[in-house]
Amino acid sequence: MKSVVITGVSSGIGWGAAKVLTQRGYRVFGSVRKPEDGARLSKELGANFVPLLFDVTDEAAVRAAAAQVREALGGETLFGLVNNAGVSVAGPLLMLPIAEFRQQIEINLTGVVVVTQAFAPLLGIDPALKGPPGRIVNISSVGGRSGAPFLGPYVASKFAIEGLSESLRRELQLFGVDVIVIGPGAVATAIWSKAEQVDVSAYAASPYAPALDRFRSYMLAGGAKGLKPERLGKAILKALTVRDPKVRYSVTPDPLQDVMSGLMPKRMIDRMFGRGLGLIK
């Protein structure tokens with residue numbers, strides 16, 4: 001049975017990927033931070049799902065989980081590693097507490113490096129293992145190519161994932177391990193659909209308050225129209241299995257909008273955000 005490690009499977013894209021892959025006969029080792037989430041998912045996804053308990057920022061816990069997976073593989077290589085776990089920190093960059101910015105980068109970027117270093121040997125870098133080299137899939141975002149206002153920390157982490165993946169892909173050619181990026185648009189996940197719960201009260205007296213209210217409404221609308229997590233699960237399965245994968249897959253509810261945003265002049269997009277959110281007086 002082919003095995004895949006996916007981080008952050010308690011909900012959203014990670015959950016969608018775990019569901020799709022287990023249904024297709026893959027064994028999924030999925031990371032959660034709470035034992036009760038692991039128990040819930042084991043019951044929901046069945047015998048092909050194995051929970052791993054760790055936070056991506058806890059290096060010791062991640063390495064312990066990698067040792068657990070190594071033992072379960074019984075000398076075989078890991079088929080795939082999906083770096084999905086992440087959070088979204090919102091707020092105007094000029095006023096955002098630096099601790100929140102650091103947390104964003106620590107989870108979304110440094111955490112990817114921690115997990116990759118721990119699990120990459122299982123993908124075939126360790127010559128003692130038998131089987132073909134595996135693949136790494138890093139989950140980026142439309143925010144890895146275009147920066148929305150008030151999501152600066154999240155956007156910074158995803159732009160960094162794009163560059164990190166490119167460097168890593170070129171380094172891992174030595175071992176035959178490929179690195180593929182998936183850039184989702186709006187997905188019906190907590191990051192989008194729970195925008196209503198984002199606390200922006202700290203900025204209520206700031207000049208950004210009206211624009212933040214509009215932006216939160218935009219996020220809620222995006223979540224309501226977002227793709228189902230299983231759609232991203234299918235994209236992840238494709239990235240792991242297709243014979244000649246692209247280096248990056250963009251998966252959005254409106255592909256034409258994604259293409260246009262890549263072609264439109266940046267100043268024009270600036271004005272669209274400015275007028276839409278009231279940032280241009």
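Because only heavy atoms are used, hydrogens play no part in the values below, and waters and symmetry mates are left out as well, while side chains stay in.
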Margin query: With no hydrogens and no angle check, just 3.5 Å: does a side-chain donor-acceptor pair link Glu106 and Thr57?
Written below: no
For a quick test of reading the model, state the closest non-hydrogen atom pair linking [X] to [Y] and the distance between them.
| X | Y | value |
| --- | --- | --- |
| Val177 | Leu123 | CG2-O, 4.0 Å |
| Ser10 | Trp15 | C-CB, 4.4 Å |
| Ala72 | Arg27 | O-NH2, 3.5 Å |
| Tyr154 | Val87 | CD1-O, 3.5 Å |
| Pro97 | Tyr203 | CD-OH, 3.7 Å |
| Ser146 | Phe159 | N-CE1, 3.7 Å |

Notebook entry, point to check: If you measure from the Lys or Arg side-chain nitrogens to the Asp or Glu carboxylate oxygens, is any gap between Lys19 and Glu44 under 4.0 Å?
Noted result: no
Margin query: Quick test of your reading of the model: are Arg63 and Glu59 salt-bridged, counting only N-O distances below 4.0 Å?
Written below: yes
Please check if the side chain of [X] supplies one atom and the backbone of [Y] the other of a donor-acceptor pair under 3.5 Å.
| X | Y | result |
| --- | --- | --- |
| Gln173 | Arg170 | yes |
| Thr77 | Leu129 | no |
| Asn83 | Thr7 | no |

Next item on the list: If the plane angle is over 60° it's perpendicular, under 30° parallel, otherwise tilted; pick one for Tyr26 and Phe79.
Entry: tilted
More than 12 heavy atoms from other groups under 6.0 Å of [atom1] on [X]:
| X | atom1 | value |
| --- | --- | --- |
| Arg33 | CZ | no |
| Glu71 | CD | no |
| Met95 | CE | yes |
| Arg40 | CZ | yes |

